[in-house]
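What follows is a single structure, written as structure tokens, with notes after it.
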Amino acid sequence: MNYNYLRYFSVLAQVEHYTLAAARLGISQPSLSSAIHHLETELGVQLFEKVGRNIRLTEEGRFYQEKVDAALNELNQASMTLRESKTSAPVVIRMGIVSGALDSTVSKEIKDYIRQNERIRFRLTESSAEELMDLVREEKLDMAIVDTTNRDRSLHFRKLGQRNFCVALPQGHPLEKETPLTPQQILAQPQIVFNYDMENSFGQWASGAAAEEQVLCTVNTARSAISLVAEGVGVCVLSEEAAFPHPGVTFVPIDNWHQALYMCILYDKWLEPPIWGFVEILVKQLRKQGQ
């Protein structure tokens, strides 16, 4: 069994797109197609099926993906063990997270990965999606979880799932008992804007066009926003992951409003196996959570 064929299959199974997979692997699309053909011939099963101009895993392919990913992870772990016998230098994973997206799943995977790999260290950067994408382009981050995409072909985005939003209100606010709230109800209130610049304000997301908002204060962290809400400065829209209990604050869900999250990496950039291994684990767990 050819190791490269298994690695190619694993990446193609994740993205289900020959062009994207070939770019990520740094090989030509014909080479990737040939490798998958040889693998299917050797196994005697069809791993992918065509759907229009795209492809998707067959039932056999989904079963094989689970086994192959587990095997590749074991090989990565073995490689790390061998390297550790020669050096004790830490492997630093530089990861960006759009503000408010550090939930329990991400935190748990970081904790587990550190416990399983003594050399692993994390350097987390929390910022806006645009700033994180710039850092990925500049190779100052290995990966980033962002809440938007763009057409920059130097970046590759893999959808992870979605996050829900709520609004933080001062206790006793007239809207406190009206749940869930509509975007229009929220827009009428004085706003504390958290993590979003004025071009990507909640007003535009809610209405599809520029909206007159009463933006009284902009902040960079959920803690600052919630503290201001507690003092009655205004209301704040934030992700459910960023909403933590605070005296004087009530959190109310927003009616049918959520936002997709994506894993952003740089095309054609080689990542050390321990770093790439964490990317794959995180993508799989966040997609499972979003199902």
If you define the side chain from C-beta out and look only at heavy atoms, does anything of [X] sit under 4.5 Å from [Y]?
X: Pro170; Y: Val235; answer: yes
X: Val106; Y: Met95; answer: yes
X: Val11; Y: Trp276; answer: yes
X: Leu228; Y: Val219; answer: yes
X: Gln14; Y: Arg24; answer: no
X: Tyr262; Y: Leu155; answer: no
X: Thr179; Y: Pro253; answer: yes
X: Gln191; Y: Ile186; answer: yes

With a 4.0 Å cut-off, would you call Arg158 and Glu16 a salt bridge?
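Salt bridge between Arg158 and Glu16, a charged N being under 4.0 Å from a carboxylate O: no.
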Residues Asp134, Arg137: salt bridge by 4.0 Å N-O rule:
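Salt bridge: yes.
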Without swapping roles, check the side chain of [X] against the backbone of [Y] for a donor-acceptor pair under 3.5 Å.
X: Tyr8; Y: Ala21; answer: no
X: Thr58; Y: Leu47; answer: yes
X: Asn117; Y: Ile120; answer: no
X: Asp142; Y: Arg94; answer: yes
X: Ser227; Y: Arg223; answer: yes

Less than 6.0 angstrom separating the ring centers of Phe9 and Phe48, yes or no?
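Close enough - the centres of the two rings lie under 6.0 Å apart.
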Out of curiosity, [X] [atom1] to [Y] [atom2], how far, rounded to the nearest 0.5 Å?
X: Leu57; Y: Glu66; atom1: CG; atom2: CD; result: 12.0 Å
X: Leu266; Y: Leu135; atom1: CG; atom2: CG; result: 12.0 Å
X: Leu72; Y: Gln65; atom1: CG; atom2: CD; result: 10.5 Å
X: Arg123; Y: Ile93; atom1: CZ; atom2: CD1; result: 11.5 Å
X: Phe278; Y: Leu271; atom1: CZ; atom2: CG; result: 12.5 Å
X: Leu32; Y: Ile27; atom1: CG; atom2: CD1; result: 4.5 Å

Atom [atom1] of [X]: over 12 foreign heavy atoms under 6.0 Å:
X: Glu231; atom1: CD; answer: no
X: Lys159; atom1: NZ; answer: no
X: Arg62; atom1: CZ; answer: yes
X: Phe63; atom1: CZ; answer: no
X: Lys111; atom1: NZ; answer: yes

Does Val252 form a side-chain contact (heavy atoms from CB on, under 4.5 Å) with Leu175? I'd like the steps, not just the answer.
CA-CA 9 Å; Val252 179; Leu175 295 179; over 6 Å; no
Give me the atom names and distance for the closest heavy-atom approach of [X] to [Y].
X: Gln185; Y: Pro180; answer: OE1-O, 4.4 Å
X: Ser10; Y: Asp69; answer: OG-OD1, 2.6 Å
X: Ile226; Y: Val249; answer: O-CG2, 3.7 Å
X: Pro274; Y: Val91; answer: CB-CG1, 4.3 Å
X: Pro247; Y: Ala230; answer: O-CB, 3.6 Å
X: Ala23; Y: Tyr267; answer: CB-CE2, 3.6 Å

Say whether [X] and [Y] are linked into one hydrophobic cluster, either directly or through other cluster members, by side-chain heavy-atom distances under 4.5 angstrom.
X: Trp270; Y: Ile275; value: no
X: Leu20; Y: Phe157; value: no
X: Val15; Y: Val51; value: no
X: Ile281; Y: Val92; value: no

Intermediate values then yes/no, side-chain contact (heavy atoms from CB on, under 4.5 Å), Leu12 and Leu25
CA-CA 9 Å; Leu12 183 59; Leu25 291 163; over 6 Å; no
Can Thr19 and Gln29 be counted as having a side-chain donor-acceptor contact under 3.5 angstrom?
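Looking only at side-chain atoms, Gln29 and Thr19 do form a donor-acceptor pair, the distance falling under 3.5 Å.
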So, Thr250 versus Glu176: side-chain donor-acceptor pair below 3.5 Å or not?
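Yes, a side-chain donor-acceptor pair sits under 3.5 Å.
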Given [options], the one that forms side chain to side chain contact (heavy atoms under 4.5 Å, CB included) with [X]:
X: Met263; options: His156, Met143, Arg287; value: Met143
X: Thr105; options: Leu286, Leu282, Ile110; value: Leu286
X: Met133; options: Thr148, Thr149, Asp152; value: Thr148

Evaluate the side-chain contact (heavy atoms from CB on, under 4.5 Å) criterion for residues Leu261 and Val98: first the C-alpha distance (whole Å), next the side-chain angles of each, then the deciding distance (0.1 Å), finally the verdict.
CA-CA 9 Å; Leu261 289 175; Val98 68; 4.2 Å; yes
